[in-house]
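What follows is a single structure, written as structure tokens, with notes after it.
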Amino acid sequence: MNYVLGVAAQNAANARLRAGSDTDREAFLKNAATQWAQLDPGRYPFVRAAATRLGEHDDREQFLVGIDIFLAGISALG
């Protein structure tokens, strides 16, 4: 439940932050990836690696994969 509500809250907060903005998703992600790529690679290796794939990720697909992981865990218990 925390996962579902957390994702919903995060998406709602992001929508509020971008309300009225004319920046599209692609431009927003490109800007974020550029900023992430400038971080110290010694301190932020994961974020730097993720920056190269940020523009091609699919939020909905990743959410559904997370749900599948939880369902697989529940199935393994039974």
Side-chain angles (χ1 to χ4, degrees):
M1 184 62 102
N2 287 338
Y3 176 73
V4 172
L5 294 178
V7 170
Q10 180 181 6
N11 288 340
N14 288 339
R16 275 193 305 275
L17 287 173
R18 292 189 11 86
S21 171
D22 61 352
T23 302
D24 67 2
R25 181 179 187 277
E26 184 177 333
F28 177 82
L29 292 176
K30 183 177 179 180
N31 182 43
T34 299
Q35 291 178 9
W36 291 7
Q38 295 172 3
L39 294 173
D40 179 358
R43 292 187 67 194
Y44 304 101
F46 177 79
V47 174
R48 291 272 313 245
T52 62
R53 296 189 306 260
L54 185 60
E56 64 194 42
H57 87 282
D58 181 329
D59 295 326
R60 185 180 188 318
E61 178 184 344
Q62 289 183 351
F63 173 72
L64 293 175
V65 168
I67 295 293
D68 287 343
I69 290 169
F70 281 106
L71 293 175
I74 291 169
S75 294
L77 293 174

Assess whether atom CD of Glu26 is packed by more than 12 heavy atoms of other residues, nucleotides or ligands within 6.0 Å.
no

ILVMFWY network linking Phe28 to Leu17, side-chain heavy atoms under 4.5 angstrom:
no

Tell me which donor-acceptor pairs under 3.5 Å the side chains of residues 41-53 have, and how far apart each pair is, sequence neighbours excluded?
residue, atom, partner, partner atom, Å
Arg48, NE, Ala37, O, 3.1
Arg48, NH1, Ala37, O, 3.4
Arg48, NH1, Leu39, O, 2.8
Thr52, OG1, Ala49, O, 2.8

Return the minimal non-hydrogen interatomic distance between Ala32 and Leu54, and the atom names on each side.
CB-CD2, 3.7 Å

Please list all pairs meeting ring pair (Phe, Tyr, Trp, His ring centres under 6.0 Å) that have one or both residues in residues 50-73, counting only residues at least two apart or in different chains.
Tyr3-Phe63, Tyr3-Phe70

Mind checking the CG-OG1 spacing from Leu29 to Thr34? Nearest 0.5 Å is all I need.
10.5 Å

Distance from Asn11 atom CG to Arg16 atom CZ, nearest 0.5 Å?
11.0 Å

Quick test of your reading: applying salt bridge (Lys or Arg N to Asp or Glu O under 4.0 Å), list the pairs with at least one residue in residues 58-68, sequence neighbours left out, ordered by first then second residue.
Arg25-Asp59

